[in-house]
Engineer: 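Pasting a structure here, questions to come.
Convention: sequence-line order gives letters A, B, ...; per-chain numbering from 1.
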2 protein chains.
Amino acid sequence: MQSHQILKEHIAKTIALTDDQFDYFFSHFKSQSFKKGQAIIASGDTVEREYFVLDGCLKSFYINDDQKMFILQFAMPTWWTSDYNALYSGVKATINVDCVTNAEVLYISNSDREKLCKEIHEVEHFFRWRTNRGYVASQKRLLSFMNNDAKHRYEELLAQYPALYNMVPKHLIAAYLGVSRETLSRLYNP
Amino acid sequence: MQSHQILKEHIAKTIALTDDQFDYFFSHFKSQSFKKGQAIIASGDTVEREYFVLDGCLKSFYINDDQKMFILQFAMPTWWTSDYNALYSGVKATINVDCVTNAEVLYISNSDREKLCKEIHEVEHFFRWRTNRGYVASQKRLLSFMNNDAKHRYEELLAQYPALYNMVPKHLIAAYLGVSRETLSRLYNP
DNA sequence: CTTAGATTGTGATGTAGGTCACGTAAGTTC
DNA sequence: GAACTTACGTGACCTACATCACAATCTAAG
């Protein structure tokens with residue numbers, strides 16, 4: 001499927017744009033291919049773009065002072081990702097984004113998104129709802145962290161993304177769950 | 001200060017409305033007083049409104065099956081709160097909101113907010129940015145949970161809201177940090 | 001084929017924080 | 001001002017998970 005069509009169907013779930021409007025909207029995106037392991041945003045970068053995944057899987061993650069990795073999000077097809085704090089506030093990136101698998105993405109610059117939001121009211125509506133959903137999801141995950149143990153969170157994750165199990169190495173799943181890879185290993189090999 | 005003025009100054013930080021536009025916007029809000037301890041949203045409710053705090057302090061929290069409380073947010077003056085999952089999706093509340101102190105709030109219905117967002121492009125922009133900031137804050141808190149121990153999170157909280165220390169009982173701070181009140185007590189009485 | 005790097009399992013041991021139990025002090029209510 | 005309730009501290013013990021160490025596969029590059 002064409003990237004044009006993938007994005008169009010994704011947008012159409014939230015707002016109704018005419019074909020001309022969508023073509024104009026789409027003209028602000030560029031596509032790019034990445035290889036497995038390749039970095040898209042590195043800590044310290046100036047972040048100017050956000051990414052829409054067409055194919056493959058990205059991860060956004062934080063590396064702490066002890067070089068330990070914490071994964072905020074796996075971005076699958078039709079997911080958006082970036083270091084939003086850096087993108088919105090203009091500060092340097094503290095979050096990294098790279099490729100778990102080979103990946104195809106569309107990207108749009110922060111300024112083009114803002115321009116489109118201003119020009120087309122419906123587009124602003126779309127981005128408001130996208131963030132609304134992200135906010136609710138983020139609060140749910142926070143609650144799960146406070147409330148549930150690692151085993152419970154692991155089952156939750158697999159229920160939500162069965163594909164992940166055979167797609168990404170276990171130490172990345174551990175980094176998403178916030179446990180050590182050893183503990184994760186013991187969870188399903190008791 | 002009048003509630004009209006408090007909301008006006010809050011909104012003006014993000015968007016520019018004419019006086020007439022703001023008056024129209026404001027006409028969709030109603031004010032309400034609550035006593036300390038009073039419930040605003042209870043788990044199981046249908047949620048139709050979101051709340052803007054004028055004075056006092058609210059908390060939004062989750063109660064798990066063991067009757068253990070987890071605080072998502074303390075809402076201070078000029079903060080917004082609700083069960084956003086319930087509000088946006090029309091499902092029953094799973095989050096509770098009540099008053100840590102006596103409180104004055106403004107509230108607006110979900111349908112009036114959506115109507116205003118449609119009628120006034122700038123208003124939609126305001127709510128998009130409000131959620132953007134909330135999303136970034138929520139991700140930061142999630143990272144802090146994964147990365148830092150309870151003592152670190154406690155110091156972070158006090159740095160961010162020094163007022164809380166003398167305003168809310170310690171067991172609520174513990175419920176925000178995701179530790180038991182005993183552990184919190186031992187953190188600052190070593 | 002061969003070597004180097006990932007990936008995963010598993011034992012031994014350490015620790016942050018939970019739970020239970022009890023005591024004290026400070027508000028509240030009648 | 002007595003009777004309750006809420007807030008807070010603290011000791012004893014328990015548990016989930018981290019860390020360290022080592023072995024076994026598996027994969028990819030030369």
Side-chain angles (χ1 to χ4, degrees), chain A residues 35-39 57 59 61-71 74 98-102 141-158 163-190, chain B residues 35-39 57 59 61-71 74 98-102 141-158 163-190:
Chain A
K35 288 274 168 67
K36 175 176 174 175
Q38 210 176 338
C57 177
K59 66 177 194 279
F61 58 103
Y62 174 73
I63 303 283
N64 77 359
D65 299 341
D66 302 332
Q67 296 303 110
K68 210 167 137 177
M69 174 175 59
F70 300 93
I71 294 180
F74 290 107
D98 72 12
C99 301
V100 175
T101 64
N102 290 344
R141 183 149 172 232
L142 183 64
L143 269 186
S144 181
F145 244 93
M146 297 203 267
N147 194 13
N148 305 133
D149 63 12
K151 183 158 199 170
H152 196 112
R153 296 203 303 280
Y154 176 62
E155 281 154 15
E156 229 168 42
L157 177 67
L158 284 196
L164 277 183
Y165 185 83
N166 293 312
M167 188 171 190
V168 316
K170 302 285 175 285
H171 74 269
L172 293 186
I173 294 186
Y176 180 90
L177 296 175
V179 296
S180 67
R181 55 161 209 88
E182 294 95 328
T183 293
L184 178 62
S185 171
R186 285 186 254 263
L187 287 182
Y188 57 95
N189 298 308
Chain B
K35 289 274 168 67
K36 174 177 173 175
Q38 210 176 337
C57 179
K59 66 177 194 283
F61 58 102
Y62 174 74
I63 304 283
N64 77 1
D65 298 341
D66 303 331
Q67 294 304 109
K68 212 166 136 178
M69 174 175 57
F70 300 94
I71 294 180
F74 290 109
D98 72 12
C99 301
V100 175
T101 65
N102 290 345
R141 184 148 173 236
L142 184 64
L143 269 186
S144 181
F145 243 93
M146 295 204 267
N147 196 12
N148 303 134
D149 63 13
K151 183 159 201 170
H152 196 113
R153 296 203 303 280
Y154 177 61
E155 281 153 16
E156 228 168 43
L157 178 66
L158 285 196
L164 277 183
Y165 185 84
N166 294 313
M167 189 170 187
V168 317
K170 303 284 173 285
H171 73 269
L172 293 186
I173 295 188
Y176 180 90
L177 296 176
V179 296
S180 67
R181 55 162 209 85
E182 293 95 327
T183 294
L184 178 62
S185 172
R186 286 185 252 264
L187 287 183
Y188 57 97
N189 298 308

Engineer: Using the six-membered ring of F145(B), assess whether NZ or CZ of R141(A) lies under 6.0 Å from its centre and within 45 degrees of the ring axis.
Structural biologist: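 No, R141(A) does not sit over the ring of F145(B).
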Engineer: In whole angstrom, what separates Y154(B)'s OH from dC8(D)'s C1'?
Structural biologist: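 Those two atoms, OH and C1', are 12 Å apart.
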Engineer: Does NZ belonging to K36(B) count more than 12 external heavy atoms closer than 6.0 Å?
Structural biologist: no
Engineer: Mind calculating the distance between CD1 (I173(A)) and P (dG9(C)) to the nearest angstrom?
Structural biologist: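 The answer, rounded to whole Å, is 11 Å.
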Engineer: Heavy atoms only: give me the nearest F74(B)-L172(B) pair and the separation to one decimal.
Structural biologist: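 Heavy atoms of F74(B) and L172(B) come nearest at CZ-O, 3.8 Å.
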Engineer: Starting from P on dA7(D), measure out to NZ on K170(B) and report it in whole angstrom.
Structural biologist: 11 Å
Engineer: Just compare dT8(C), dT10(D), dT10(C) and give me whichever is closest to any side-chain atom of H171(A).
Structural biologist: dT8(C)
Engineer: What does the inter-axis angle of the helix from dC1(C)-dG30(D) to dC30(C)-dG1(D) come out as, five pairs per end, nearest 10 degrees?
Structural biologist: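 Answer for the end axes of this duplex: 50°.
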Engineer: Considering just the side-chain nitrogens and oxygens of Y188(B), establish if one lies under 4.0 Å of OP1 or OP2 belonging to dC8(D).
Structural biologist: no
Engineer: Between P on dT25(D) and CG on N189(A), what's the gap in Å once rounded to a whole number?
Structural biologist: 14 Å
Engineer: For nucleotides 15-22 of chain C, give me one character per nucleotide, 5' to 3': B if any protein heavy atom sits under 4.0 Å from the base, S if the only such contacts are to the sugar-phosphate, - if neither.
Structural biologist: --SBBBB-
Engineer: Give me the atom names and distance for the closest heavy-atom approach of S144(A) to E156(A).
Structural biologist: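 Of all heavy-atom pairs spanning S144(A) and E156(A), the closest is OG-OE1, 2.6 Å.
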